[in-house]
Chemist: 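Attaching a single structure in structure tokens format; questions to follow.
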Amino acid sequence: MLSPKKVKYRKQQKGRMRGKATRGNTLFFGNYGLQATECGRITSKQLEAARVAMTRYVKRGGKIWIRIFPDKPLTKKPAETRMGSGKGNVEAWCAVIKPGRLIFEMSDITQAEAFEALRLADHKLPIQCKPIARSVPVTETKKEIIKNVI
């Protein structure tokens with residue numbers, strides 16, 4: 001599961017999830033993607049479950065990119081503990097998601113296969129998402145684009 005190697009501060013406050021995603025809201029790598037339609041937090045376990053569901057459906061075909069990274073610590077106090085005595089220990093890592101943020105991207109498979117795989121991944125996540133497709137499929141790779149520019 002994903003987690004950061006090193007963080008500046010071990011514990012963070014919850015914060016707010018207002019507004020829409022201004023970054024990471026357009027398809028960049030693949031032709032199909034899973035876009036969030038509401039805000040929430042996705043833990044590393046949920047992200048891994050969604051990734052496994054997608055890769056099993058496409059039988060390890062095509063390419064998959066994970067566009068988010070769980071870098072926010074979630075703390076929890078032990079059960080039956082009295083109030084006070086500080087903040088609890090870090091139990092999980094999560095990524096804060098705003099509406100419009102892309103969570104996964106896929107390419108090198110058909111649209112029907114991609115949308116079904118993304119639907120299966122959506123069922124593993126705690127927020128509502130929708131599959132999207134690029135209007136014009138990308139045929140050139142980044143290396144070919146760079147060669148054409150130079």
Side-chain angles (χ1 to χ4, degrees), residues 1-58 60-109 111-138 141-142 145-146:
M1 282 171 289
L2 297 172
S3 67
K5 290 186 178 110
K6 185 179 174 184
V7 289
K8 190 169 185 180
Y9 298 107
R10 199 162 48 97
K11 299 173 184 177
Q12 285 183 19
Q13 293 184 333
K14 281 185 181 178
R16 297 281 178 265
M17 292 181 276
R18 288 192 291 244
K20 294 181 179 173
T22 55
R23 296 174 185 210
N25 53 4
T26 56
L27 287 169
F28 189 78
F29 299 102
N31 295 329
Y32 314 104
L34 189 66
Q35 189 174 40
T37 56
E38 63 182 12
C39 61
R41 292 187 188 95
I42 296 178
T43 65
S44 57
K45 287 183 180 181
Q46 294 163 344
L47 196 62
E48 179 67 11
R51 185 195 66 78
V52 167
M54 287 170 48
T55 52
R56 284 202 179 138
Y57 181 78
V58 296
R60 294 178 57 191
K63 291 184 180 177
I64 295 174
W65 290 270
I66 302 173
R67 291 289 305 272
I68 59 173
F69 186 80
D71 58 351
K72 189 180 185 91
L74 290 179
T75 60
K76 191 174 180 184
K77 294 189 80 159
E80 299 179 8
T81 306
R82 293 186 179 185
M83 292 289 105
S85 70
K87 196 170 171 76
N89 295 323
V90 174
E91 295 293 319
W93 294 91
C94 73
V96 176
I97 306 298
K98 291 183 177 180
R101 177 76 190 201
L102 278 171
I103 299 168
F104 294 106
E105 287 191 34
M106 299 180 82
S107 68
D108 298 344
I109 54 174
Q111 182 170 350
E113 276 186 326
F115 275 30
E116 180 60 22
L118 293 169
R119 187 188 68 80
L120 293 172
D122 182 23
H123 286 302
K124 303 289 183 186
L125 300 175
I127 59 174
Q128 294 292 316
C129 301
K130 65 177 181 181
I132 59 169
R134 192 184 295 268
S135 56
V136 179
V138 174
T141 62
K142 289 182 184 178
I145 293 169
I146 292 170

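Everything numeric here is computed off the predicted structure, so don't read it as measured data.
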Chemist: What's the shortest heavy-atom distance between L125 and A50, and which atoms?
Modeler: CD2-CB, 3.9 Å
Chemist: Just list the side-chain donor-acceptor pairs under 3.5 Å for residues 11-20, sequence neighbours left out, or say none.
Modeler:
unit_1: K11; atom_1: NZ; unit_2: K87; atom_2: O; d: 3.3
unit_1: K11; atom_1: NZ; unit_2: G88; atom_2: O; d: 3.2
unit_1: Q12; atom_1: OE1; unit_2: K72; atom_2: NZ; d: 3.4

Chemist: How many angstroms lie between atom OG1 of T75 and atom CG of N89, to the nearest 0.5 angstrom?
Modeler: 8.5 Å
Chemist: Using the test side-chain contact (heavy atoms from CB on, under 4.5 Å), find all partners of A133 that sit at least two apart in sequence or belong to another chain.
Modeler: Y32, Q111, F115
Chemist: Say you draw a straight line from CD1 of I64 to CE of M106; how long is it, rounded to the nearest 0.5 Å?
Modeler: 4.0 Å
Chemist: How close do P126 and I42 get, counting heavy atoms only, and between which atoms?
Modeler: CD-CG1, 4.2 Å
Chemist: For the side chain of K77 and the backbone of M83, is there at least one donor-acceptor N/O pair under 3.5 Å apart?
Modeler: no
Chemist: Quick check: closest heavy atoms across L118 and F104, and the distance to 0.1 Å?
Modeler: CD2-CB, 4.3 Å
Chemist: Among pairs that include at least one residue of residues 115-126, which meet side-chain hydrogen bond (donor to acceptor under 3.5 Å, both in side chains), considering only residues two or more places apart or in two chains?
Modeler: E116-R119, R119-H123
Chemist: Once rounded to the nearest 0.5 Å, what's the spacing between atom CD1 of I68 and atom CG of L2?
Modeler: 9.0 Å
Chemist: Go through the structure and list residues passing side-chain hydrogen bond (donor to acceptor under 3.5 Å, both in side chains) with S44, not counting sequence neighbours.
Modeler: none
Chemist: Taking all heavy atoms of P4 and all of V7, pick out the closest pair and write down the distance.
Modeler: CG-CG1, 3.8 Å
Chemist: When you look at I103 and L47, which way does the side-chain contact (heavy atoms from CB on, under 4.5 Å) test go after all the steps?
Modeler: CA-CA 9 Å; I103 299 168; L47 196 62; 4.1 Å; yes
Chemist: Ignoring hydrogens, what is the shortest heavy-atom contact between A36 and I97? Give both atom names and the distance.
Modeler: CB-CG2, 3.5 Å
Chemist: Side-chain contact, heavy-atom cut-off 4.5 Å: V58 with M54?
Modeler: no
Chemist: Output every pair passing salt bridge (Lys or Arg N to Asp or Glu O under 4.0 Å) with a member in residues 88-109, not counting sequence neighbours, ordered by first then second residue.
Modeler: R67-E105
Chemist: For T37, give me all partners under side-chain contact (heavy atoms from CB on, under 4.5 Å), at least two apart in sequence or on another chain.
Modeler: Q128, K130
Chemist: If you look at every heavy atom in D71 and P73, which pair is closest and at what distance?
Modeler: O-CD, 3.8 Å
Chemist: Who are the side-chain hydrogen bond (donor to acceptor under 3.5 Å, both in side chains) partners of Q46, not counting sequence neighbours?
Modeler: T43
Chemist: Can you run down the salt bridge (Lys or Arg N to Asp or Glu O under 4.0 Å) pairs that involve residues 39-48, sequence neighbours left out, and say none if there aren't any?
Modeler: E48-R51
Chemist: Starting at CG of L34, measure out to CD1 of I66 and round the result to the nearest 0.5 Å.
Modeler: 12.0 Å
